Amino acid sequence: MATERGVSLVGAGGAALDAEVIIIGAGVSGIYQLHLLREAGFDVRLVEGGTNVGGTWYWNRYPGARFDSESYSYGYFFSSELLAEWNWSEHFAGQAETEAYLNFVVDKLGLRDLMQFRTRIVAATFDEPSATWVLTTEDGTQLRSRFVVSATGVLSVPYWPSIPGRERYKGEAYHTGQWPKEPVDFAGKRVAVIGTGASGVQLIPEVAKEVAELVVYQRTPNWNSPLNNGKITDEEQAEIKATYDQIYHSCMNSFAGFVHRASRKHAFDDSKEERWVLYEKLYHQKGFSKLISNYRDTMTNPEANAEFSEFIAEKIRARVNDPVLAEKLIPTDHGFGMRRPPMETSYYEAYNQPNVQLVDLNETPIVTITEAGIETSDGERAFDIIVWATGFDGFTGALSRMNVVGEGGQVLRDQWSHGVVTYLGAMLPGFPNFFMAGGPHLIAGNFPRATEIMVDYISGLLQYARTNGHTFIAPDSDACAQWTDEVREAATIALMSEKSWFRGTNIPGKTHEYLAYAGSLTKFRERMDAMDEQGYPGITFGSPARV
Ligand code: NA7
């Protein structure tokens with residue numbers, strides 16, 4: 001029986017394969033993975049829960065959603081045709097443009113026919129006798145493949161905090177990470193926003209322009225600094241097009257995949273005046289240069305970090321008219337960059353508008369959500385719309401929710417409740433033939449550059465296995481343990497806050513551990529690039545008789 005997209009169903013007990021490889025997720029990494037495996041001649045299909053491609057850029061369509069990485073450093077670099085034909089209109093593209101770009105790529109490469117939308121995988125079970133995976137969709141359909149690539153993203157499971165009364169609220173409620181396709185009408189409405197992470201910081205100034213009243217419920221302020229976005233002029237466009245090779249080279253030879261040049265200087269090698277000149281320059285530069293092009297010890301030396309944080313605090317004080325409010329917007333529990341610092345556009349100026357107010361939840365915590373709005377210890381306020389900008393169950397959320405069952409019936413979620421163990425962020429002990437294009441232990445930074453390394457590796461590995469007649473690929477437990485130690489070690493190199501979605505601390509009950517790989521992207525890329533000629537160490541290959 002064939003489905004709409006040509007992926008056939010598996011009969012009970014039958015071991016016929018629906019595809020050699022099934023990719024889960026049509027975001028940035030899934031699209032690239034599909035392209036590479038199709039090019040390499042694999043029988044590959046992709047399934048996606050949404051109705052179209054985009055992943056993050058499909059679900060996060062809230063007002064103000066946009067890149068924090070430069071557009072031209074975020075897109076794909078593997079095709080000169082794609083690079084030549086696509087023109088980014090802004091230095092940091094908005095959600096609609098990015099979604100359009102990903103659709104352009106998919107159509108240009110002719111990948112759509114290999115994709116099956118509205119297909120959410122709820123379970124993945126390794127069938128040991130046949131060494132194949134059986135994927136179960138929401139409606140109970142089963143698909144069988146030899147290999148599975150999970151391209152489910154690191155920020156794909158929205159987190160709705162269990163604040164009492166949430167379900168009884170009668171107004172409109174939206175999560176930034178699950179935004180409706182139809183535009184939300186904010187004009188003249190009374191709106192609450194809960195959460196001031198990167199999403200809230202992007203949304204708040206946009207929504208503030210339209211609403212009658214906006215109340216921001218803040219628990220922890222972040223170190224926000226200007227994105228300094230702008231339209232790409234014709235001259236800039238020509239320069240970008242002419243220098244794509246250099247842009248790519250800069251990203252792939254950097255620590256975290258961003259285009260900005262790293263500084264070689266230590267903060268206190270310069271005089272205070274010189275330091276302030278650099279800080280001022282960085283403040284007016286684009287995107288993550290404040291982090292990347294800062295002194296090399298801004299993120300490792302507490303004094304250097306405190307000084308730059310104070311510089312940013314002064315900027316906040318200068319931009320917010322009410323000095324008491326300004327202090328509430330300045331973090332006191334962590335320094336700049338110890339949590340992912342959001343990039344903003346007129347965020348602080350929004351608080352100077354008469355229709356915008358801040359509620360500091362440390363002073364007046366939320367007691368309950370009511371039918372009409374939000375009740376804090378200071379009383380109840382009614383709202384037409386509540387926006388939950390409360391983040392995601394990052395890195396592990398998607399696969400923890402899927403019932404992933406590996407060798408010996410072990411469940412991935414249970415394994416992870418004792419801490420995440422991976423091999424290179426690409427494989428999991430006890431889950432053969434299963435790969436992650438972007439999950440826990442992925443390089444932290446400009447995500448497409450990080451997932452590209454994973455996708456290249458997985459593609460090379462599958463080709464190597466095919467060439468050598470292997471149908472079974474499993475990481476060795478020693479290799480997994482060693483790599484996981486390395487991830488833990490890397491997490492100690494910089495000053496990092498204990499409170500961050502990178503550590504899983506935003507989700508009640510989640511194991512607290514650093515979930516990304518904080519090592520150098522360049523070194524990781526070099527290591528992954530060498531795997532092919534080394535015969536993919538750390539892995540047991542096989543073609544057991546039973547397979
Ligand atoms: P974040 O950065 O996890 O931010 C979530 C925000 O929601 C943050 O301000 C939280 O406060 C707040 N939050 C979470 N739960 C509550 C409760 N129960 N009450 C009040 N406030 C709460 O998610 P974003 O979507 O903004 O950004 C995620 C990433 O997406 C971002 O880093 C980019 O890479 C893109 P807290 O800080 O926990 O006190």
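Keep in mind it's a predicted model, so treat the numbers as computed, not measured. Order of appearance sets the numbers: ligands from 1, and atoms from 1 within every ligand.
- Every residue two or more places apart in sequence or in another chain that forms a side chain to side chain contact (heavy atoms under 4.5 Å, CB included) with K523 is listed here: S520.
- For ligand 1, the protein residues placed under 4.0 Å by at least one non-hydrogen atom are L155, Y159, P161, I163, I194, G195, T196, G197, A198, S199, R219, T220, R339, R340, L361, A389, T390, G391, F392, W501.
- Between F502 and Y514, the angle of the ring planes stays under 30°, which puts this pair in the parallel group of the 30/60° scheme.
- The aromatic rings of W88 and W86 sit perpendicular to each other, their planes meeting at more than 60°, with 30° as the lower class boundary.
- Applying the side-chain hydrogen bond (donor to acceptor under 3.5 Å, both in side chains) rule to Y74 yields the partners W57; only residues at least two apart in sequence or on another chain are considered.
- Environment of CZ in R168: crowded, with over 12 heavy atoms of neighbouring residues, nucleotides or ligands closer than 6.0 Å.
- Within the structure, the salt bridge (charged side-chain N to carboxylate O under 4.0 Å, His left out) test picks out the following pairs touching residues 385-399 (sequence neighbours left out): D393-R401, D393-K510.
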